[in-house]
Amino acid sequence: MTNNAPEGFKEFEGNVGFVELTGLLMVKRVEGDAYLGLRIEDKHCNIAGICHGGMLMTFADMQLGVGALALSGLRKFIPTIQMSCDFVAPVQKGAWLEGRTQLVKQTRGLLFATCILTADGKTAFSGSGIMKIPSDKGSYSDASI
């Protein structure tokens, strides 16, 4: 199933647990970067018929982490320790939601990143987050088991 995803998007290998409940996340990997995508369905919408803010925050949290990992080259699970967001425009049912991350700074123990989410190519959400880089040698694949 591709959810009518744009060219280059494939099913995200992290569609497990809580993420599996949100719907089929797609990923596009390009030159050391990663963009997530999701087709907005009824189950993502609130009583007003637009994508629920909590769904947008969940998607942004995933985009921040996946994008920051791709940009930094790390292969560890990096938990979010802080996130802030701005809802810029409503996201309609049926829209293609896509995220992009910018790595702002990496220290020995933290990643600072921002993301923009677009709905059918128009900016709908902006967010920033801080992710903890674990000091152990655990890898991302270890965390997804």
Value rounded to 0.5 Å, distance of CZ in Arg108 from CD1 in Ile133: 10.5 Å
Partner set under ring-ring contact (aromatic ring centres under 6.0 Å, His included) for Phe125, not counting sequence neighbours: Phe87
Nearest 0.5 Å please: distance from the CD1 atom of Ile40 over to the CG atom of Asp120. 9.5 Å
Nearest 0.5 Å please: distance from the CE atom of Met62 over to the SG atom of Cys115. 12.0 Å
Would Leu71 and Ile116 show up in the same hydrophobic cluster when neighbours are defined by side-chain heavy atoms closer than 4.5 Å? no
Taking distance alone, no hydrogens or angles, what donor-acceptor pairs closer than 3.5 Å link side-chain atoms of residues 28-39 to residues at least two apart or in another chain?
| residue | atom | partner | partner atom | Å |
| --- | --- | --- | --- | --- |
| Arg29 | NH2 | Glu13 | OE1 | 3.3 |
| Arg29 | NH2 | Glu13 | OE2 | 2.4 |
| Asp33 | OD2 | Tyr35 | OH | 3.4 |
| Tyr35 | OH | Arg100 | NH1 | 3.2 |
| Arg39 | NE | Asn3 | O | 3.2 |
| Arg39 | NH1 | Gly94 | O | 3.0 |
| Arg39 | NH2 | Asn4 | O | 2.6 |

Please enumerate all residues that pass side-chain contact (heavy atoms from CB on, under 4.5 Å) together with Ile130, with sequence neighbours excluded. Ile81, Gln82, Leu110, Phe112
For Thr58, the side-chain hydrogen bond (donor to acceptor under 3.5 Å, both in side chains) test, sequence neighbours excluded, returns none
Asp42: partners by salt bridge (Lys or Arg N to Asp or Glu O under 4.0 Å), with sequence neighbours left out: Lys93
Report the distance from atom NZ of Lys105 to atom CG of Leu111, rounding to the nearest 0.5 Å. 12.0 Å
Give the minimum heavy-atom separation between Lys76 and Pro134, together with the two atoms involved. NZ-O, 2.8 Å
Val91, Met55: one ILVMFWY side-chain cluster at the under-4.5 Å cut-off? yes
Nearest 0.5 Å, please: how far is NZ in Lys132 from OG1 in Thr80? 13.5 Å
Do Leu117 and Ile50 belong together in a cluster built from hydrophobic side chains that touch within less than 4.5 Å? no
Smallest separation among heavy atoms of Ala60 and Met83, with atom names: CB-CE, 3.6 Å
Do the side chain of His44 and the main chain of His52 share a donor and acceptor less than 3.5 angstrom apart? no
Phe59 CZ to Leu64 CG distance, which is reported to the nearest 0.5 Å: 10.5 Å
Thr101 and Gln63: side chain donor to acceptor below 3.5 Å: yes
Remaining members of hydrophobic cluster (4.5 Å side-chain criterion), Val88: none
Assess whether atom NZ of Lys43 is packed by more than 12 heavy atoms of other residues, nucleotides or ligands within 6.0 Å. yes
